[in-house]
Amino acid sequence: MSIDEHGLRRRVEEFLAAHDPATTERLEFLRARYDAGLAWVNYPEGHGGLGLPRAWQPAVDAMFDAAGAPDNNRGANGIGLGMAAPTILRFGTDEQKQRFLRPLWTGEEVWCQLFSEPGAGSDLAALGTRAVQEGDGGDWIVNGQKVWTSGAHNARLAILVARTDPDLPKHQGITYFLCDMTDPGVEVRPLRQITGEAEFNEVFLTDVRIPDAQRLGEVGQGWAVANATLSNERVSIGGNAVREGGMIGVVAQTWRDHPELRTPELHDRLVRLWVEAEVSRLTGQRVRQKLAQGQPGAEGAALKVTFARIAQQLSGLELELLGEDGLRYSDWTMVRPDHVDFTGRDAGYRYLRAKGNSIEGGTSEILRNIMAERVLGLPSEPRVDKDVPWKDLAK
Amino acid sequence: MSIDEHGLRRRVEEFLAAHDPATTERLEFLRARYDAGLAWVNYPEGHGGLGLPRAWQPAVDAMFDAAGAPDNNRGANGIGLGMAAPTILRFGTDEQKQRFLRPLWTGEEVWCQLFSEPGAGSDLAALGTRAVQEGDGGDWIVNGQKVWTSGAHNARLAILVARTDPDLPKHQGITYFLCDMTDPGVEVRPLRQITGEAEFNEVFLTDVRIPDAQRLGEVGQGWAVANATLSNERVSIGGNAVREGGMIGVVAQTWRDHPELRTPELHDRLVRLWVEAEVSRLTGQRVRQKLAQGQPGAEGAALKVTFARIAQQLSGLELELLGEDGLRYSDWTMVRPDHVDFTGRDAGYRYLRAKGNSIEGGTSEILRNIMAERVLGLPSEPRVDKDVPWKDLAK
Amino acid sequence: MSDVNLLYTEVEDDLRATVRKLLTDRCDPARVTALYDGDRSIVDGLWRALGAELGLAGLLVAEEHGGAGASAREAAVVLEELGRAAAPVPFLTSAVIATLVLRDSEDGTGLLGELASGERTAALAVPLSLAPHAALPAVSVPDGRLTGTVTSVAGAIEADVLLVLADGAVYAVPAAEAVVTPVISLDMTRQLADVRLDGAVGTRVVADAETAVRDALAAGAALLASEQVGVAQWCLETTVAYLKERKQFGRAVGGFQALKHRLADLATGVESATAAARYAAATLAAGDDDLLVASSVAQAYVSDLAVFAAEEAVQLHGGIGMTWEHPAHLYLKRAKADQIALGTAGAHRARLAELVDLPAPQ
Amino acid sequence: MSDVNLLYTEVEDDLRATVRKLLTDRCDPARVTALYDGDRSIVDGLWRALGAELGLAGLLVAEEHGGAGASAREAAVVLEELGRAAAPVPFLTSAVIATLVLRDSEDGTGLLGELASGERTAALAVPLSLAPHAALPAVSVPDGRLTGTVTSVAGAIEADVLLVLADGAVYAVPAAEAVVTPVISLDMTRQLADVRLDGAVGTRVVADAETAVRDALAAGAALLASEQVGVAQWCLETTVAYLKERKQFGRAVGGFQALKHRLADLATGVESATAAARYAAATLAAGDDDLLVASSVAQAYVSDLAVFAAEEAVQLHGGIGMTWEHPAHLYLKRAKADQIALGTAGAHRARLAELVDLPAPQ
């Protein structure tokens, strides 16, 4: 059964007629929307979608929004929606898709990501968290430490990579799991950042038990699965949809609001950055047009590097523009924010928070390697660790 | 016999009294000055010096200049004075010092440098020019091609590195020679550059014969000797002695002369570069003070990198400042200049010529490696070619 | 503003392939380099092939006047290819700028048809460095005869007709009526000339010079960005290819990480420049109100990026990039001259600040 | 101008060693970080040890007034060490700026002696961001009593005496006469306060505020550069050490060429910054006419370099540099606040343009 855009619109109208957002209970509404295939229309039927082009989704969302439909907790479940879901869809068994995708989309189950480790950093494949299976087909017992986990204290489930065979070279001995965050062996500690907030967590895993049914992909195939997750992450960062979106909008407004602070040198820097932000917006638009045409590319990496650079330069400029006010800060109290807004709070916060933009989700250095090798086809670094068993690597 | 600064001054006065610059024949005067140890006072007695601190030389030169003494053709013999002489002094036999240093200093014999090769580039040690000895203690027969040789068409002698054992790893099979440029096997062809001029040459060596007595250092020791030569080269580049020396002086003058061309953005860039040029002047001064105290350092590399960057940015800025006039050039005719002035001719020439500043005498990339490894002690690149015989290397 | 197509259509890809093939066959770098030694023999034949035979001279001219009736998007693709080849033809000056000056005029249609067919070639008599928002130069017409000098005019050497501003109007002046003195130019692939008129006879072809000329210059600036993209693409691709081949220290030089990161940054810049130039061309093609912003954004970004690309190409080629033999210098000189052409990046940033309400300090 | 010694003398090296030892012992990064949570317990003891016991409070005070009679060169060395430790002491505000305001005054010598001994600590009541050439703030003295507010004053929290500008003169006001309200500051290692005077009683200590205050601020700017050099040196050295240790992909991260080149550039910048700061200090010490140029060159260059060094340190430490636990953020915040302190780099460049005859467009 294939429908056109017009048919899709009609289907949304019919759904809304049958489920009045004003009177239907929130969760009931969301579950029904999922079951009607109107959650993410590009997903297959039976898993919240209708197998339609992804490009049609925005129109559907707009119709639901206009009708006052409840939202599915997008802000708090970005990792679930953006990273866990497409990975489960691609690598999961039917049972896993059945079990996890609906409560994920409705926001009943929030997800976090247990990838990074203090000892591994950019070299994610060097991770040392161990998972040992209790006999063939038995549960996996996981021990180790993860870090940079946003939302871990609110999450019900996690995507997790762990080492299942230390005798293999590092990329080969990794397996991917879906981990229950309510397991008593999971301890979540806030990790305070330079902004004063604790937006991330450290997660300590002690004899955490994961059924083999919650393994995603084959044993030892975890690196490939994790890479699929990560490439989903990067596309979502970088490039504003509208002119003066993001940091440039904030700083341009500060400029317009404060004629008394203007100097020629700051003007020159601001206008340069305005141009760069506008060009990066156009570049993002072009990348999305390429993706929609199915043209491949690692340009998501370039967009993210550029996004980070511009955000950092703009937020640094804003403090110099503010001068005396740039010396003042709002609040150093440690809090665990539910929601992170790169352009929110005060100028000092924006400056400090922007420093993370070139680290989280792949450092700008790693992304430049990716661009050089995958886009330009330049030779990779001489690899000293490629064929060495993980346990014998220098650490 | 050790003398103090006062004694040195008196010695110069006595020499000038005995050799009136106005009436003494030029070469006779220069040879006498050399023999009196007043050529380069830090050189040993008998070789044009008195074994005194190098820092005392400027005062001596100033006294000779003030007296109207003839100059020793410095401009045309920079490679001889700056590179060949210190290397001969350090590695030469007594006979070699006796034979070569005096005519070098007096300018009777101009030198050039036969190091770079088209196939080797920054990887100088990969050079392929071959030197084969005719029996034990016999002459060496040299074949190969050199490039980027300035002044080759005016030179009487050359410092030359050639491969004497292709079966050894690349750094070990090199030997250093003093080559007679009048040998019939030496062919010099002008190499035209992007400025239109041919400031450099290609030199083709066909069965060039060099007596073993003109070998400098042991057979196979050429790499160490060449490195001594190159570190002498770099100290001499970078850092102006006076405020607004070099490119910044030229561009600042253009700015002052043309109020009608000024814009705020060009002003900002110019003032930034003025600051950088001034700071680089101070940095050069500090490096020279360190050297005078005997504090070691590879800061010559940093000075040269900075010098090139500033010269390039300034000369690029100047063309934008000139606008319409920046679109015009003086002359594309191919000439072989006797003398190169980075800040001479017109703005277009300055812009193009400055591009060479980050290539000649060690590219900025190679110099950054040197700084990272020698100054900061960072690990060197994984070397794939260190222990491989030269003849088996990828080329 | 958001739904403009920034990719290339199939028609545009086909046009590109045709132009590239012709340039590969007939625009040999050695003959281009010969321009610097005064040998201009490549120019006429190449322009005849491109302008008249391929019909590019009339690309932007309506079909009713004998042109192809194509849009600025196609002209942009042609300019990308001309930039990639550092081609010495008066396409930008005659088929874009001079053509657009005449396009909406009643009086100039005869000339427009001749330009479209490639029969004649024209040049607008302004300095190449003139920004679209700068004061326009004009000669005087004391007795109906044009008298005065305009310096550093691009395309004047190749032109049969000069479009000269005087008295608020545009006059078409046969080149034979003017003294056209070639200038030794930084970029000899677009050699400039000084134009002197001494009581020349001209035909009034556009009544309102101000609007027609400013619009044509803004369009020229929007499209020049595509030429600059072509220059930058050549520099990037040639450098990447060279560094994959060139071995130093037993490895391909392109495998050294410091260079990889620089090339990644350059590639990012070239991708961004392409987006900016495409947006400017598409906006121009659509007659979108955002043209002035799009055009200045493109010039502000792409001008500097193309220079950066050419400078990186020279540097990363090492000594070979400094030689007369290697074509890199053709692109360095073209990129630097293009940066100044139709207003520097800085001039366009200053203009943008006004357009997008980022006021300069008073 | 050319023969100034830009190196460190033996006396200076000895002073550095003493200060560094004390800071290593008593300026623990964890206690410095605690300032951000309102625990200021480190400040008093550390300042007593440095200022009074080591005698740094009187470093710039003549021996006849109980000081050490040292020069700005020694003060610069102290500031380098304070920068390296991100030390939260009022040396710059009290022992440099306030002290220099009083130094040439007849009336202030009593207070000067108390400052020299470390008995009392003073602060000049101006915003930390004030450039030496900017308009000076002043309070009013309607009836001989001082009334008004000065915001964002550095060193006010630690001060017993505030030096307040009013009526063209400088008044010494006991802190108890003022309402000093601490400000949550971007850099809590130099926490600011707002100062409110409401009919406060003060003693007139300097008759010509204009000259004394501007000279003191220019000297402060010249010497702040040395603090910034210290910050930058810490960032460079800590990052290099970390990258030699940290392994990724089976190798020390510091062996990857892209990072090596960045660190080489950073090291070049730190060396250059050191030269600029040394020149400013030496020029100040010698009473050289070139001071204003030297001071603005140092601020124009070193302010930005220190921020760059701190930003590179955070980035090259990866995630760990973003954590509260790692001290890198102390230096990032100090560097950024120092960049704004006593005029931004941009403000000093604008001043320099006037001093060295590079006129801005009219």
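From a predicted model like this one, the values you see are computed outputs, not experimental measurements. Per chain, numbering begins at 1; letters A, B, ... match sequence-line order. All values below come from the heavy atoms of this structure, side chains included, with hydrogens, waters and symmetry mates left out.
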Measuring heavy-atom distances to chain C, does [X] have an atom under 4.5 Å in its side chain, in its backbone, in both, or in neither?
X      : result
B:P118 : backbone
B:L352 : both
B:L319 : both
B:D331 : backbone
B:S116 : neither

Top of [options] for chain B proximity - count of heavy-atom pairs under 4.5 angstrom:
options                        : value
C:G321, C:S152, C:A345         : C:S152
C:L330, C:D187, C:L192, C:T151 : C:T151
C:G319, C:G318, C:A337         : C:G319
C:G38, C:A341, C:A328, C:G250  : C:G250

Check: If only atom types and distance count, is the side chain of C:K336 paired as donor or acceptor with the main-chain N or O of B:G316 below 3.5 Å?
Finding: yes
Please classify the contact of [X] with chain B as side chain, backbone, both or neither, using a heavy-atom distance under 4.5 Å.
X      : value
C:L259 : side chain
C:R190 : neither
C:S185 : both
C:D194 : side chain
C:A258 : neither
C:Q339 : side chain

Gap separating the [atom1] atom of [X] from the [atom2] atom of [Y], nearest 0.5 angstrom:
X      : Y      : atom1 : atom2 : answer
B:D325 : C:L186 : CG    : CG    : 12.0 Å
B:T333 : C:I184 : OG1   : CD1   : 7.0 Å
B:M334 : C:D37  : CE    : CG    : 9.5 Å
C:E311 : B:Q313 : CD    : CD    : 9.0 Å
B:Y329 : C:K333 : OH    : NZ    : 6.5 Å

Closest approach of [X] and [Y], non-hydrogen atoms and distance?
X      : Y      : answer
C:S129 : B:G323 : CB-C, 4.3 Å
C:V307 : B:Y351 : CG1-OH, 3.7 Å
B:I194 : C:T323 : CG2-O, 3.8 Å
B:D123 : C:Q248 : N-OE1, 3.2 Å
C:G346 : B:E265 : CA-OE2, 3.1 Å

Next item on the list: Starting from the C-alpha separation in whole Å, work towards a yes-or-no answer on side-chain contact (heavy atoms from CB on, under 4.5 Å) for B:K355 and C:M322.
Entry: CA-CA 8 Å; B:K355 296 286 166 267; C:M322 284 293 291; 3.7 Å; yes
Check: According to the interplanar angle, ranging from 0 to 90°, do the rings of B:W332 and C:W324 count as parallel (below 30°), tilted (30 to 60°) or perpendicular (above 60°)?
Finding: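 Because their plane-to-plane angle lies in the 30° to 60° range, the rings of B:W332 and C:W324 count as tilted.
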Checklist line | Check against side-chain contact (heavy atoms from CB on, under 4.5 Å), C:F256 and B:E381 | finding: CA-CA 9 Å; C:F256 284 93; B:E381 284 291 302; 3.7 Å; yes
Next item on the list: For side chain to side chain donor-acceptor pair (under 3.5 Å), just list the numbers for C:T344 and B:E320, CA-CA rounded to whole Å, side-chain angles, deciding distance to a tenth of an Å, and then say yes or no.
Entry: CA-CA 7 Å; C:T344 60; B:E320 290 170 70; 5.2 Å; no
Notebook entry, point to check: Going by atom types alone, do C:Q315 and B:S358 pair a side-chain donor with an acceptor below 3.5 Å?
Noted result: yes
Next item on the list: Answer yes or no: does atom CZ of C:R196 have more than 12 heavy-atom neighbours from other residues, nucleotides or ligands under 6.0 Å?
Entry: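 No, CZ of C:R196 has 12 or fewer neighbouring heavy atoms, counting only those of other groups under 6.0 Å.
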Return the option, out of [options], with the maximum number of heavy-atom pairs under 4.5 Å with chain C.
options                        : answer
B:G121, B:G348, B:P264         : B:G121
B:L191, B:L322, B:T195, B:L327 : B:L327
B:E324, B:R192, B:R368, B:R269 : B:R192

